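Structure, as structure tokens:
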Amino acid sequence: MQADPSDPLSIQLYDQPGHLIRRAHQIAVAHFHEALGRDVTPVQYAVLRMLHEHPGIDQVTAAQMVALDTSTTADIAARLEAKGWIVRELLPRRQRRLLLTPAGQALLAELTPKMHRMQQRLMGRLDPAEQREFMRLLRKFVHLDEPPTPGQP
């Protein structure tokens, strides 16, 4: 059955991309906490990973690379610093350089195998070709209106 554009209720809930994306996010976060625990959030993990991949980047650049606003990133960085996982160094013009501490590096080393298992669990219902296609389409969807990040397809 085709949706009637004049009737907003003609589209079934599970045919609405926004609803399915929200559900997918809920599922991913639940799997994240089940696999990695609650000491680190998915967004904190993303910031830690970015700092591992780009040591010493400034806070604004980190925000852009993880697709967060600068005030949220500042709050996350403060929390990560309070946990001893990063240090924030003041740079000229009030910028902050972010670096992983040895404890932050150790945390990532501990979380990495758990993250791999979590990803296998999330994607396990798809065969390998479907997994590749799903990730290709997800990347395309997420980056439609953005210039590609260096190193990203």
Side-chain angles (χ1 to χ4, degrees), residues 13-14 16-153:
L13 183 62
Y14 284 94
Q16 296 177 6
H19 179 73
L20 292 174
I21 292 166
R22 183 185 64 78
R23 285 290 299 130
H25 179 257
Q26 287 176 320
I27 292 165
V29 169
H31 280 275
F32 181 94
H33 287 304
E34 182 181 314
L36 281 75
R38 295 199 173 265
D39 289 339
V40 63
T41 68
V43 175
Q44 289 172 342
Y45 176 82
V47 171
L48 291 169
R49 279 296 307 269
M50 197 55 61
L51 298 181
H52 174 76
E53 294 168 20
H54 303 277
I57 59 174
D58 66 90
Q59 200 165 280
V60 172
T61 302
Q64 292 167 345
M65 294 177 102
V66 184
L68 295 170
D69 62 82
T70 54
S71 61
T72 299
T73 304
D75 181 56
I76 290 168
R79 290 172 191 260
L80 294 174
E81 186 176 44
K83 292 180 178 189
W85 296 334
I86 71 167
V87 292
R88 297 182 299 160
E89 296 176 351
L90 196 56
L91 297 173
R93 296 185 298 199
R94 298 185 51 187
Q95 291 180 316
R96 293 196 183 265
R97 177 178 140 149
L98 307 177
L99 293 159
L100 287 175
T101 63
Q105 291 283 6
L107 175 69
L108 278 178
E110 175 191 329
L111 295 179
T112 297
K114 295 175 183 180
M115 180 58 79
H116 285 291
R117 285 192 297 274
M118 183 205 79
Q119 283 185 232
Q120 289 170 344
R121 219 172 141 221
L122 270 177
M123 302 294 280
R125 294 178 66 186
L126 304 174
D127 67 44
E130 290 172 326
Q131 290 177 21
R132 287 188 298 277
E133 181 65 1
F134 178 74
M135 291 304 298
R136 185 188 73 76
L137 290 172
L138 207 52
R139 285 185 188 105
K140 182 176 182 178
F141 180 83
V142 169
H143 296 288
L144 276 177
D145 299 323
E146 301 173 49
T149 304
Q152 292 289 327

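The basis for the numbers below is simple: all heavy atoms, side chains too, and nothing from hydrogens, waters or symmetry mates. Predicted model only: the values in this text are computed from it and were never measured.
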Checklist line | Close side-chain approach of Gln59 and Thr70, heavy atoms under 4.5 Å | finding: no

Check: Is atom NE2 of His25 surrounded by more than 12 heavy atoms (other residues, nucleotides or ligands) closer than 6.0 Å?
Finding: no

Next item on the list: Check the surroundings of atom CZ in Arg88: do more than 12 heavy atoms from other residues, nucleotides or ligands lie under 6.0 Å from it?
Entry: yes

Check: How far apart are the closest heavy atoms of Tyr45 and Val40, and which atoms are they?
Finding: N-CG2, 3.7 Å

Item checked: Considering all heavy atoms, the nearest Pro55-Leu99 contact -> C-CD2, 4.1 Å

Next item on the list: Measure across His33 and Thr41 and return the closest heavy-atom pair with its distance rounded to 0.1 Å.
Entry: CE1-CA, 4.4 Å

Next item on the list: Check Pro42 against Val29 and note the closest heavy-atom contact, atom names and distance.
Entry: CG-CG2, 4.2 Å

Note to self: I'd like to know if the side chain of Thr101 and the backbone of Gly84 have a donor-acceptor N/O pair within less than 3.5 Å.
What the structure shows: yes

Next item on the list: Please round to the nearest 0.5 Å and tell me the distance separating atom CG of Leu51 and atom CD of Gln105.
Entry: 9.5 Å

Margin query: So which atom in Gly56 and which in Arg97 form the shortest heavy-atom distance, rounded to 0.1 Å?
Written below: O-CG, 3.1 Å

Item checked: Gap separating the CD atom of Gln131 from the CD atom of Gln119, nearest 0.5 angstrom -> 10.0 Å

Note to self: Pairing donors with acceptors under 3.5 angstrom, does anything connect the side chains of Arg117 and Gln120?
What the structure shows: no

Check: Taking atom CE of Met65 and atom CZ of Arg49, what is their separation to the nearest 0.5 Å?
Finding: 12.0 Å

Item checked: Lys/Arg-Asp/Glu bridge criterion (N-O < 4.0 Å) met for Arg121, Glu34 -> yes

Notebook entry, point to check: Taking only residues two or more places apart in sequence or in another chain, which ones pass ring-ring contact (aromatic ring centres under 6.0 Å, His included) with His19?
Noted result: Tyr14

Check: If we ignore angles and hydrogens, is there a donor and acceptor under 3.5 Å between the side chains of Thr72 and Asp69?
Finding: yes

Check: How close do Phe134 and Met123 get, heavy atom to heavy atom, and via which atoms?
Finding: CD2-CE, 3.6 Å

Margin query: Just verifying a value: how many Å separate Leu107 CG and Trp85 CH2, rounded to the nearest 0.5 Å?
Written below: 5.0 Å

Check: Which value, rounded to the nearest 0.5 Å, describes the distance between Leu13 atom CG and Arg23 atom CZ?
Finding: 10.0 Å

Next item on the list: Please tell me if the side chains of Met50 and Ile57 come closer than 4.5 Å, counting only heavy atoms from C-beta onward.
Entry: yes

Margin query: If I take atom CD1 from residue Ile86 and atom CD from residue Gln44, how far apart are they, to the nearest 0.5 angstrom?
Written below: 9.5 Å

